[in-house]
Amino acid sequence: MLRMSSLFLRTLRDDPSDATVASHKLLVRAGYVRPIAAGIFSWLPLGVIALRNVERVIREEMDRAGFQEVHFPALLPKDPYEKTNRWEEYGPALFRLQDRKGSDYLLGPTHEEMFTLMVKGEYSSYKDLPLTIYQIQTKYRDEARPRSGIIRGREFVMKDSYSFDLDDAGLETSYLKHRDAYISTFNRLGMKFNIVSAMSGAMGGSKSEEFLAPCSTGEDTYVLCPKCGYAANVEAMITKVETRDFGNPAAMEILDTPNTPTIESLVEVMNSKYNAGITAADTLKNVLLMADGKPISVLVPGDREVDLKRVEANLAGVKELRLFEDEDFAKRPELVKGYVGPQDAKKFGLKLYADPRIQVGSHWITGANQKNKHMRYVTHGRDFEVDGFIEAAEVREGDSCPSCATPVVIDRAIEIGHIFQLGRKYAEALDLTVLDKEGKARVVTMGSYGIGVSRAVAAIAEQSHDEIGLIWPEEIAPAKVHIVATGKDDEPFAVAEKIALELERKGISVMFDDRRDSSPGVKFKDAELIGNPYIIIVGKGLQEGKVEFRVRKTGEKSELPIGEIVAHVMKITG
RNA sequence: CGGGGCGUAGCGUAGUGGCUAGCGCGCCUGCUUUGGGAGCAGGAGACCGUGGGUUCGAAUCCCUCCGCCCCGACCA
């Protein structure tokens, strides 16, 4: 039983000044966590209980699925990460350190290498597969900018699992098993979530889905189809293009368009000077980018911006992508800023990538590669060819769902889980093979599955709170029932204690506010702030032999005879 | 890393060149109070982020460094 009279807890009346999101404010105010450094927190007793509860649910679901728990060090030698090239690739986000001998170490940001090596060390036969193992571990990433309190920290608790299979079919099965386990996990955690298709990002690999907890303060943007349920991270959203017959456009024609370096000014001149009756969507925007030091041009309709994240996610193998800057233009005088067109790309030795909306046969008004001049009827397939189609344009609310063409909605969310089919990248790099039936060595294929554990605590807080405090789901709350005794006589405290003990005997966790020197107001405020799902108040109702029962989430109140309260709680908590 | 903001007691803050750095919450002591962050009285707690400079005098002005937050770049 958590007794408030001795609980190591101090709630705060004011929000901490440096917190902006609800989870951060409330977790600090209610005494769950305390800040230590940017993106680094200490957990107080209530926080530890909530965190352990999340871990417990995850463990139970992992174990139920037949996965086995292991544990790695957080402090790791450099060598395995050199073999997979991540010592370099991970860049400045990797916490690096040296021991007294000057050997390089790192604080694990993720443990693919260690899992792979562990399996390599123990197993060598196809008969040992499939296998899925997991750990719950503190991870370290030196984020460029930690933010939003617990949501994006530099130290955080993560559950990560890895599956090992002989072939792709096995991987698919392991993947789906994990997917199911995640669905039950997040359901038990009382979270609202969407499963969206995603890019696998820096880890490499192919098929990938994210579990997103919708929430206005989330930092991920995703699209959702209200009709068919299609959901995707904006980076992974597939453009739906209706095929059209563009007829036979006239030959390219060069036009004088003075002072039209922007789409807006171009549309204005085209309409006033040439009476063209066009909109920005009829123009072709040529956005010049530097991809790993090489210039490329990305084509999107003039009414859309290029989404660099989408481009990067869809351009295989590119590590660094940035917009052209003035000095880049200075080095390539043939590329006239504001007047670039695709028709001379071959001559300029420029790679062209087109958004799917730039269909073959479509014709456009675009730059003439001369200052103050544009061209029209510039036709894809006739006047220029592209090196490939990529998802490049920004996604907008109302864009067509790729599977059913319904206008999609856009929402924000916190990423709480990510599952993906890693494939053989790490197994190859670290030479993880098993012998197959024929006695031949085969590289194992892997899946990788993560849940942000500490982040989930914050995400739940984000999704479930009100103006006065936290509202925990039963599985996560520090206690299921919060009992408040009020008054200066001993009686309410004795009655409350009796109820508390009886509930505990029945397996219901209890937080008991047995403080004799606090006023009722303080106790009520604290109970609401701390956010346990049910509150029992033992006080003035005693005269009629009653106690008050409240549901934190709904605010619903009822008076019950003392003798019935335990049964009532048992009924409600199921 | 670029842009912006901010560092005064455990928390929230006032103080922009001049007396002993003020207030609220919290904390301690006593009395009163006990169904919505109680009242009265007394008290403890601050090298005003750090180092340097300007000045008769610096929390206050200038510079350095450190730290924190926000936007962006980046990232589960």
Side-chain angles (χ1 to χ4, degrees), chain A residues 9-21 24-25 28-29 31 34-40 90-94 109-112 139-149 151-154 156-160 198-203 208 210-213 218-220 233 235 308-309 312-313 319-323 325 413-420 448-456 458-459 468-469 484-493 513 515-529 535 537-543 547-548 550 557 559:
Chain A
L9 169 73
R10 185 109 299 148
T11 58
L12 305 177
R13 196 181 289 234
D14 300 305
D15 286 334
S17 63
D18 56 4
T20 52
V21 300
H24 188 187
K25 289 179 188 169
V28 170
R29 269 192 64 203
R34 290 289 180 255
I36 294 299
I40 302 177
Y90 224 96
L94 195 61
T110 172
H111 284 72
E112 280 81 358
K139 309 272 184 178
Y140 297 87
R141 293 184 196 173
D142 194 0
E143 293 285 342
R145 186 154 90 82
R147 71 185 91 173
S148 307
I151 295 172
R152 171 168 299 282
R154 294 191 294 171
F156 55 97
V157 179
M158 183 173 172
K159 188 287 304 175
D160 55 332
M199 310 300 294
S200 38
M203 311 294 170
S208 165
E210 285 169 357
F211 287 71
L212 299 184
E219 47 185 359
D220 278 46
N233 192 302
E235 290 157 43
L308 277 182
K309 282 186 172 180
E312 196 164 11
K319 289 199 188 78
E320 198 209 338
L321 193 70
R322 62 172 176 83
L323 286 167
E325 288 162 10
I414 300 169
E415 182 183 350
I416 45 170
H418 196 163
I419 55 178
F420 58 96
S448 159
Y449 318 90
I451 293 179
V453 180
S454 43
R455 175 181 282 187
I468 57 176
V484 174
T486 67
K488 57 178 172 179
D489 302 325
D490 292 340
E491 195 197 357
F493 290 86
D513 197 339
R515 292 175 293 179
R516 299 299 293 252
D517 49 358
S518 300
S519 69
V522 169
K523 296 181 181 181
F524 295 149
K525 292 283 187 214
D526 276 348
E528 286 149 354
L529 180 61
I535 302 170
I537 300 159
V538 184
K540 64 179 186 186
L542 280 185
Q543 286 146 22
V547 295
E548 184 176 330
R550 293 187 190 174
K557 302 176 183 179
E559 296 269 335

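Note on A/T486: a base of the nucleic acid sits closer than 4.0 angstrom, heavy atoms only. A/L308 comes within 4.0 angstrom of nothing in the nucleic acid, heavy atoms only. Residue A/D526 is classed as a base contact, given a heavy-atom separation below 4.0 Å to a base. Counting any heavy atom pair closer than 4.0 Å across all strands shown, A/R10 reaches sugar-phosphate atoms only and no base atom. As judged by a 4.0 angstrom heavy-atom cut-off over every strand, A/A93 is placed among residues making no nucleic acid contact. Note on A/I151: a base of the nucleic acid sits closer than 4.0 angstrom, heavy atoms only. Among the heavy atoms of the strands lying under 4.0 Å from A/T20 are primed sugar atoms or P, OP1, OP2 only; no base atom is included. Residue contacts for A/K159: at a heavy-atom cut-off of 4.0 Å it reaches no nucleic acid atom on any strand shown. Within 4.0 Å (heavy atoms only), A/S148 reaches sugar-phosphate atoms of the nucleic acid but no base atom. Note on A/A19: nothing from the nucleic acid sits closer than 4.0 angstrom, heavy atoms only. Using a 4.0 Å heavy-atom criterion, one finds that A/P109 contacts no nucleic acid atom at all. Contact annotation for A/G450: no contact, since no heavy-atom pair falls under 4.0 Å across all strands. Residue contacts for A/E219: at a heavy-atom cut-off of 4.0 Å it reaches no nucleic acid atom on any strand shown. When heavy atoms are screened at a 4.0 angstrom cut-off, A/D14 is found touching base atoms of the nucleic acid.
A donor-acceptor contact under 3.5 Å links the side chain of A/R29 to the base of B/G37. Not a single donor-acceptor contact under 3.5 angstrom links the side-chain atoms of A/E528 to the base of B/G37. Counting atom types as modelled, A/R145 pairs no side-chain N or O with a base atom of B/C75 as donor and acceptor under 3.5 Å.
Between B/G35, B/G12, B/C71, one nucleotide has an atom nearer to the side chain of A/I537 than all others, and that is B/G35. Picking from B/C68, B/G35, B/G37 the nucleotide with the shortest atom distance to the side chain of A/V522 gives B/G37. Nearest to the side chain of A/R550, among B/G37, B/G72, B/G35, sits B/G35. Of the candidates B/A73, B/G37, B/G35, the closest approach to any side-chain atom of A/R13 belongs to B/G37.
Contact annotation: A/S519 reaches the phosphate of B/A38 (side-chain N/O to OP1 or OP2, under 4.0 Å). When the side-chain nitrogen and oxygen atoms of A/K488 are compared with OP1 and OP2 of B/U34, one or more of them lie within a distance under 4.0 Å.
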Practice problem: Take A/F524 and A/T486 through the side-chain contact (heavy atoms from CB on, under 4.5 Å) test and state the conclusion after the steps. | Solution: CA-CA 10 Å; A/F524 295 149; A/T486 67; 4.2 Å; yes
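A heavy-atom distance below 4.5 Å is found between the side chains of A/T110 and A/E112. Using a 4.5 Å cut-off on side-chain heavy atoms (C-beta onward), A/N233 and A/D220 make contact.
No donor-acceptor contact under 3.5 angstrom links the side chains of A/H24 and A/S148, judged on distance only.
Contact detail for A/V28 and A/P16: the closest heavy-atom pair is CG1-CG, 3.7 Å.
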Quiz item: Using Watson-Crick and G-U wobble pairs with both distances under 3.5 Å, what is the 5'-to-3' dot-bracket string of RNA chain B, with [ ] for crossing pairs and | for pairs outside the strand?
Solution: ((((((((.[[[[.)..(...]]]].((((((.....)))))).....[.[[[..)....]]].])))))))....
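Remark: A/F156 engages no residue in a ring-ring contact (aromatic ring centres under 6.0 Å, His included) (not counting sequence neighbours).
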